[in-house]
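Computed from heavy atoms alone, side chains included, the values below leave out hydrogens, waters and symmetry copies. Owing to the predicted nature of the structure, the values given are computational and were not obtained by experimental measurement. To find a chain, count down the sequence lines: A is the first, B the second, and so on, and within it residues start at 1.
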2 protein chains.
Amino acid sequence: MDQETTSTARRRGTGVTEDAIEQIRDLVASGEWGPGTRLPRETDLAKQLGLSRNSLREAVRALSLARVLEVRQGDGTYVSSLEPGELLEPTLSATHLLRGRTVLELFEVRRMLEPGAAAMAALRADAEVIAALRTELDRMIAAGNRADELVQADAAFHDVIARAPGNGVLRALLRSLSTSTVRARLWHGIADRGALDLAREEHARIYNAIAVGDADLARAATLLHIVTNETWLREHLGPADDVPLDGD
Amino acid sequence: MDQETTSTARRRGTGVTEDAIEQIRDLVASGEWGPGTRLPRETDLAKQLGLSRNSLREAVRALSLARVLEVRQGDGTYVSSLEPGELLEPTLSATHLLRGRTVLELFEVRRMLEPGAAAMAALRADAEVIAALRTELDRMIAAGNRADELVQADAAFHDVIARAPGNGVLRALLRSLSTSTVRARLWHGIADRGALDLAREEHARIYNAIAVGDADLARAATLLHIVTNETWLREHLGPADDVPLDGD
DNA sequence: CAGTATTTGTTCGTATGTATA
DNA sequence: GTATACATACGAACAAATACT
């Protein structure tokens, strides 16, 4: 018995494992396997898809890293929740690997999104949102110059804004656009140049604008804040990171 | 307070394969393995990381799907280019699996990004960009009511705008935010209600605004265009897709 | 609280397909 | 055309974690 493939081009995507990945993804995309669906056990699924268990496991592992599947040892393999927060989590890992000028590209995109998110947060002026922002702002003040605490409070502060519009995709993307490594680098830079008070002031302005429900002001304050960081980062990108562009 | 993250309640990340994934990713993130680096052959790398060849293959396959590694049979395994267009390609596959209200979330985010991209395109008023837009606009007109051709021209048209700002992250994200399935659905809807001329007119307005270098107009025309589609999609989301929101 | 069945995790050995010199 | 180096694939066996009775 010759398992002749459907004469696909020798491009990307040949091989039984790659086929299995596609087939499983199609089953999920078509809705046949909805969120939480339990997959057949590896032995059966392998037989069903016509490949060995080892090869199938490669497919499952790949889809597991992509957060499409969720594998629980001793239990079984399930389709994930398929929520934006889940499916876009790998995007965060991806942006973590970007370097050089592409880090600035992250900031440029963030600059296009987060001011809008802050404006929406101000429009609702939700009491919980305001309280959460206040908490992180206080944490930021109490943190002194401890970088790790500052980074955490900063991340939490911006995440409150990111989730205020109630859009899971927006929240996940904003998360991906400000990686922890860059955030850490920024706060160390802020501390080194003694600009902690300015940084806290910028956050306070955003907080105040949202607290009083001023959307325009929230948008402006957020934009200014992001550009402050973007500018500093642009000037302090190590020359090693400054990869020369070769024409496309 | 913060939900997920931090706490290791569910032991995600145990196991030799998961460890290998993390180790390889760290080597790439640290820059030790830069773009294009050739990895040791599977046998050696497995020995080096202290796991079997099969388990290592699972790790490599997963990172290959994530576009961090690139495997070439008979040759070897290499670190990818690590460019945004490469690393953010899985994000497109991810958004392809979103359904129901989360599809509208994609549109909301796109609405925050693409008008800005169109404005930037207008600011430059690059001759090549204008010509490329014209080409796709003509294609869209010549396509009649053939949906596949319309979808392709439409995708190409918006991609010209997406890449005009010269930001790879922005381009990749805009690509991810408008999936081919939704695009196909939209054009079929447009054809069904006999709104092909309106759709072409909206594209023509965007084209004209960019061609004359009017950034404000380009921004407005793009926003209107996206909202047209967003509104239609909101009204035509199958009731089955209309998942009830439970408060979080 | 056992003990047992079920399911994924991991390894080894071996054979085959593919690109390159 | 041949040799070599490498990834691809399979099957079987045992370990570890979980579920169930």
Using purine N1 to pyrimidine N3 plus N6-O4 or O6-N4 for Watson-Crick, or N1-O2 and O6-N3 for G-U wobble, both under 3.5 Å, which nucleotide pairs with D:dG1? none
Once you round it to whole Å, what is the distance between C1' of D:dT8 and CD1 of A:Ile21? 14 Å
Between A:Arg175 and A:Glu114 (salt bridge meaning N to carboxylate O under 4.0 Å), is one present in this structure? no
Out of B:Asp44, B:Asp19, B:Ile24, which residue meets the side-chain contact (heavy atoms from CB on, under 4.5 Å) rule with B:Leu49? B:Ile24
Do the non-hydrogen side-chain atoms of B:Asp159 and B:Arg163 ever get within less than 4.5 Å of each other? yes
Salt-bridge contact A:Glu89-A:Arg171 (side-chain N to carboxylate O under 4.0 Å): no
Send over the distance from B:Leu45 CG to D:dA5 P, rounded to a whole Å. 19 Å
Rounded to the nearest Å, what distance is computed from the NZ atom of residue B:Lys47 to the P atom of nucleotide D:dC6? 13 Å
With sugar-phosphate taken as primed atoms, P, OP1 and OP2 and all else as base, the protein-contact string of nucleotides 3-13 of chain C at under 4.0 Å (heavy atoms; B, S, -) is ---BBBBBBB-
Under 4.0 Å between a Lys/Arg side-chain N and an Asp/Glu carboxylate O for B:Glu22 and B:Arg25? no
pair A:Met112-B:Leu170: side-chain heavy atoms closer than 4.5 Å: yes
